[in-house]
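Here is the structure we will look at.
Atom set for the values below is all heavy atoms of this structure, side chains included, hydrogens, waters and symmetry mates excluded. Counting begins at 1 with the first residue of the sequence. Everything numeric here is computed off the predicted structure, so don't read it as measured data.
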Amino acid sequence: MTTWTAPFIAADDDAAFGSAPILRREFTLDAGHGAVTAATLDVSALGVVEAWLGGTRVSDHLLEPGWTSYEWRIRVVSHDVTEHLTTTRGSATVLALVLGRGWAAGRLAWGGGGGWYTDERAGFAELHVTFADGHEQTIATDTDWQALPSPITDDQLYDGQDVDARVDDTTWKHPGQLEHAASVHTVSIGDRELVADTVPPVRPLAEIAPVDVWTSPSGATLVDFGVNLVGWVRVTASGPAGTVLTLRHAEVLEHDELGTRPLRTAKATDHVTLSGSGAEAPDVFEPRFTFHGFRYAEVDGWPGSLDDLRTAVTAVQVGSDLTRTGTFTSSHDLLNTFHENVVRGMQGNFLSVPTDCPQRDERLGWTGDIAAFAPTASYLFDTRAFLGDWLRDVWLEQQHADGVIPFVVPDVLKYSPAEDFGVPDATAIWSDAGVWVPWTLYQAYGDTAVLEEQFDSMTAHLRRIRDHLSPQGLWDTVFQFGDWLDPDAPPEDAAKAKADPGVVATVCAFRSATLVAEAGALLPGREAEANEAREMAASLQAAFREHYVTDGRIRSDCTTVYALAIVFGILSDEDTRAAGDRLAELAAESGYRISTGFAGTPFITDALTQTGHLDDAYRLLLQTECPSWLYPVTMGATTVWERWDSMLPDGTINPGEMTSFNHYALGAVADWMHRVVGGLAPLTPGYETVLVAPQPGGGLTWAETTLDTVHGHVAVRWELDDEALLVRVTVPEGVTAVVRLPGLEEQRLTGGTHELRAPAAVPVP
């Protein structure tokens, strides 16, 4: 375990240095020890930090050290900087930290407040240098460092970044006496633990050129980058000194102008003041201490032509750099676009923590969203380190909240309470993330370590539920989000769903208890907790059946309650069959338009499939009329929306005060697409044994899905013609594929590529 001893430091007069102070130290490498053989720079911050060594950035990482529950732990990020020091022997070198507000010192949540974690930005660094003879030298933050202003005059994650290019941006990078340098002081981090960073860094993922530049009816200059992305606009400009360029960002247009109302109080606006250096040395502006969710940018103050602007701006997409593992494509173009939108939305919202949205005054780690989306996320990308680290904060928050897993992690709402949600307590789906997410990671990667690490959190959540059950044994005594964003709920009241919240909560509690029992059975020494969870599951099941099920009908008689009850297995076999038939009836009555919110949407297609209603599941999936998964695609969406109708058919934005055009939760159906349409699912955790069982439908004539598992690359492709279903399966060595196709006996295949032919069970229209 690494132990760091250097203090955090801050400028003595923090306010005098604008928004982003520079902390700087000159040093000379020790002589007489031969060449530098290794050098590691460890950095951290209360705020966000960008490290420079020898006049250059040490990496392309962004917003380090990322967002954790800062009250208890702060990441330290290590960089190999050996190459930065190979040409500096015998001469002075500058080590510098540029500090932004970030999550620790900036405003967070929609209440308008901020600085919940620190009163001042502070930086930390330890540079460890090893020489050829074994000698070691350490340069670390202390009170000998200097502070000075940077060209960054303002920075907030929600509001944007301002830069004055007239401020000298070069002298601080190099050795020499500097004007305006000031002293620093140490900053205590109290009992906070410094932990080694283990998560993929936030970094640039892509650069995107404009697809159009034009003048709006109001005279605004607008730029369209073609896709809804998360990041910023890099602009290269020259003009008279003092010229101010203003860049505003939004996800959509409304009435042919920038649609900023969904941003609420987030300004999402960057400013750059030009230096006047001329066309030979233009100013390059890249706001690395903020990020925006946008497709469109409005540029005010541009000194050139529209053609000049087209070549001067580039959108930089950023996010946590997770490894892509899963793919899906098919014969249905709209479905393929929807899947691409799911991927793009995940990339934008997996930025240090799994957020709900990337654009408005929120961008929080909502637990309900990831509870719904974790199976899809863990197929598309390797999420082990990212979500495993986030779960550590789930447990930390829980331990300091009497066992309650909060609505968001890290939990800033405890500082800025959301009054509409009442007194925070455990709530179905949102708090269930503490059980469902570790179980998802175990299923995806086959490693019980995540269950061991999170098991106390999982059992604490169950006990919190147990303490709030009614005398009837139902979880209906505290605030519940229920089937949040039911499409039939009014725009101003997202919780006003058709599904009874007690029904939703009780069946979710049953699922959590069942999973904790299964997890406990896998872990040594956890038999007592497993039995406790098993008994709780049995009690919840009995209470649910007694109080919520009558003659095969479930209270509130809507799609979500049937979907959850079927998939979570709380019903008897007879009632499951009846529930499946009723669910199919309700889907048909809705015209196969979606009628579920956050609770039901991830499970409705599985519920229909499991009860023999595959055709109904496909009709739901491929519906294009609002509300549906494909309606946003027909409206030009390039990410998944928060609401089924975030944009209305007439092109206006949903009138509710809460709408986002980049929310991954409703994209959770992609998990069903991978398993049922594509036909690839784990039979054992980690895909050591895989199930290949594509179920064609909906008029699709082919589909293909691939997955890089921990055991190797698996691929399934099927094609359908009038006579046969043709399936090609690729399996790595050491993995067994169990193949179930209509009209054929079950087959077990091992390493290699195999082709199979089965009778065409689904006619091609």
Side-chain angles (χ1 to χ4, degrees), residues 9-24 43 45-53 55-65 94-107 114-115 118-123 125 145-174 178-182 184 202 204 231-237 241-249 266-277 282-292 301 316 318:
I9 60 172
D12 278 351
D13 188 356
D14 190 63
F17 291 100
S19 178
I22 299 168
L23 307 179
R24 178 181 180 275
V43 297
L46 289 172
V48 291
V49 60
E50 187 174 272
W52 291 70
L53 182 60
T56 60
R57 289 175 62 200
V58 301
S59 77
D60 65 350
H61 296 186
L62 302 164
L63 303 174
E64 289 183 330
V94 172
L95 172 60
L97 308 176
V98 186
L99 300 180
R101 289 192 173 97
W103 296 278
R107 78 177 181 107
T118 184
D119 295 328
E120 57 184 344
R121 291 151 293 182
W145 285 51
Q146 297 175 311
L148 61 155
S150 76
I152 301 170
T153 57
D154 199 8
D155 74 287
Q156 290 279 3
L157 295 179
Y158 294 172
D159 297 330
Q161 181 171 322
D162 297 351
V163 168
D164 188 342
R166 296 171 298 180
V167 176
D168 184 9
D169 192 28
T170 59
T171 56
W172 62 269
K173 301 176 184 177
H174 308 292
L178 298 179
E179 296 182 7
H180 310 301
V184 302
V202 178
W232 55 70
V233 175
R234 182 174 64 226
V235 59
T236 302
T243 301
V244 177
L245 304 184
T246 301
L247 292 83
R248 301 170 64 221
H249 305 76
K267 296 177 182 177
T269 301
D270 301 326
H271 299 92
V272 56
T273 303
L274 300 183
S275 67
S277 58
D283 298 315
V284 179
F285 171 66
E286 191 160 6
R288 294 189 293 265
F289 284 170
T290 191
F291 62 89
H292 311 293
V316 179
V318 307

Going by side-chain hydrogen bond (donor to acceptor under 3.5 Å, both in side chains), name the residues that satisfy it together with [X], two or more places apart in sequence or in a different chain.
X      : answer
Ser277 : Ser275
Arg24  : Glu26, Gln146
Glu286 : Trp232

Flag if over 12 foreign heavy atoms under 6.0 Å of NZ, Lys173: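 Above 12, so yes.
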Given side chains that start at C-beta, do those of [X] and [Y] come closer than 4.5 Å, heavy atoms only?
X      : Y      : value
Pro204 : Leu62  : yes
Ile22  : Trp52  : no
Val167 : Thr153 : no
Leu46  : Glu120 : no

Taking only residues two or more places apart in sequence or in another chain, which ones pass salt bridge (Lys or Arg N to Asp or Glu O under 4.0 Å) with Asp119? none
For Trp145, enumerate each residue passing the ring pair (Phe, Tyr, Trp, His ring centres under 6.0 Å) test, keeping only those at least two apart in sequence or located in another chain.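 Partners of Trp145 by the ring pair (Phe, Tyr, Trp, His ring centres under 6.0 Å) criterion come out as none, since no residue qualifies.
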Applying ring pair (Phe, Tyr, Trp, His ring centres under 6.0 Å), can you list everything that pairs with His249, at least two apart in sequence or on another chain?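 Expected list: His292, Phe294.
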What do the steps show when you test His271 against Thr273 for side-chain contact (heavy atoms from CB on, under 4.5 Å), and what is the final call? CA-CA 7 Å; His271 299 92; Thr273 303; 5.8 Å; no
Take Ile9 and Leu97 through the side-chain contact (heavy atoms from CB on, under 4.5 Å) test and state the conclusion after the steps. CA-CA 10 Å; Ile9 60 172; Leu97 308 176; 5.8 Å; no
Test: Arg101 and Asp154 ion pair at under 4.0 Å: yes
I need the minimum non-hydrogen distance between Gly123 and Leu99, along with the two atoms involved. N-CD1, 3.6 Å
